[in-house]
Visitor: 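My questions will all concern the structure given below.
Starting from 1, each residue takes its place in the sequence as its number. Everything quoted here is computed from the prediction, not taken from an experiment.
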Amino acid sequence: MRVTVRLFAGAREAVGAPTALLELPAGTTAGEAVEALVREYPALRRFAAISRLAVDGEYASPERPLFDGAELAILPPVSGGAELTDDTD
């Protein structure tokens with residue numbers, strides 16, 4: 001299935017684009033899709049742990065299954081919130 005990932009703020013900078021397309025197996029969850037994107041763009045890991053997710057405009061848990069044509073958004077905190085740490089070691 002094909003999923004469009006919309007990226008905002010630091011997540012957008014980590015990927016270098018406002019959107020990314022993923023080809024994923026059927027039944028993939030939102031969290032698994034984020035991990036697939038992190039494997040492709042390791043700089044995204046620092047944002048993935050503190051970001052909220054949305055599927056087709058509604059906040060979603062990482063366990064939410066995706067479907068073909070879904071739009072997944074990764075929404076890092078814009079101001080305040082958790083301090084970013086580099087845990088890629």
Side-chain angles (χ1 to χ4, degrees):
M1 70 181 173
R2 180 173 263 190
V3 173
T4 300
V5 182
R6 295 182 51 88
L7 301 145
F8 299 91
R12 176 186 291 196
E13 293 173 17
V15 171
T19 60
L21 294 176
L22 294 175
E23 288 285 337
L24 302 165
T28 298
T29 66
E32 291 168 336
V34 171
E35 282 302 313
L37 198 58
V38 166
R39 284 192 296 275
E40 191 169 339
Y41 301 96
L44 181 61
R45 179 168 303 285
R46 60 190 280 199
F47 297 100
I50 60 171
S51 296
R52 303 241 5 226
L53 302 177
V55 176
D56 289 339
E58 295 183 9
Y59 286 117
S61 73
E63 294 79 25
R64 181 164 173 179
L66 299 175
F67 51 87
D68 188 42
E71 183 178 272
L72 171 65
I74 299 175
L75 307 162
V78 176
S79 63
E83 182 176 319
L84 294 176
T85 60
D86 186 3
D87 60 353
T88 57
D89 297 330

Visitor: Please give me the minimum heavy-atom distance between Phe47 and Ala43, naming the atom from each residue.
Guide: CD1-O, 3.9 Å

Visitor: If you compare all heavy atoms of Thr28 against all heavy atoms of Ala33, which two are closest, and at what distance to 0.1 Å?
Guide: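 Result for this residue pair: CG2-N, 3.8 Å.
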
Visitor: Under 4.5 Å between any side-chain heavy atoms of Arg45 and Arg39, yes or no?
Guide: no

Visitor: Which value, rounded to the nearest 0.5 Å, describes the distance between Thr19 atom OG1 and Leu72 atom CG?
Guide: 12.0 Å

Visitor: Pair up each side-chain donor or acceptor in residues 6-15 with any protein partner under 3.5 Å, not counting sequence neighbours, and list the distances.
Guide:
{"from": "Arg12", "atom 1": "NE", "to": "Leu7", "atom 2": "O", "distance (Å)": "3.3"}

Visitor: Applying a strict under-4.5 Å side-chain criterion to I, L, V, M, F, W and Y, I'd like to know whether Leu24 and Val34 cluster together.
Guide: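 Hydrophobic grouping puts Leu24 with Val34.
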
Visitor: Kindly indicate whether the side chain of Ile74, heavy atoms from C-beta on, has any atom under 4.5 Å from the side chain of Leu53.
Guide: yes

Visitor: Flag yes if Leu75 and Leu37 sit in one hydrophobic cluster, no otherwise; membership is Ile, Leu, Val, Met, Phe, Trp, Tyr, and two members link when side-chain heavy atoms are under 4.5 Å apart.
Guide: no

Visitor: Which side-chain N or O atoms in residues 59-69 pair as donor and acceptor under 3.5 Å with protein atoms at least two apart or in another chain?
Guide:
{"from": "Ser61", "atom 1": "OG", "to": "Glu63", "atom 2": "N", "distance (Å)": "3.3"}
{"from": "Ser61", "atom 1": "OG", "to": "Glu63", "atom 2": "OE1", "distance (Å)": "3.2"}
{"from": "Asp68", "atom 1": "OD1", "to": "Arg2", "atom 2": "N", "distance (Å)": "2.8"}

Visitor: Indicate the atoms forming the closest heavy-atom contact of Arg46 with Ile50, along with that distance.
Guide: O-CG1, 3.9 Å

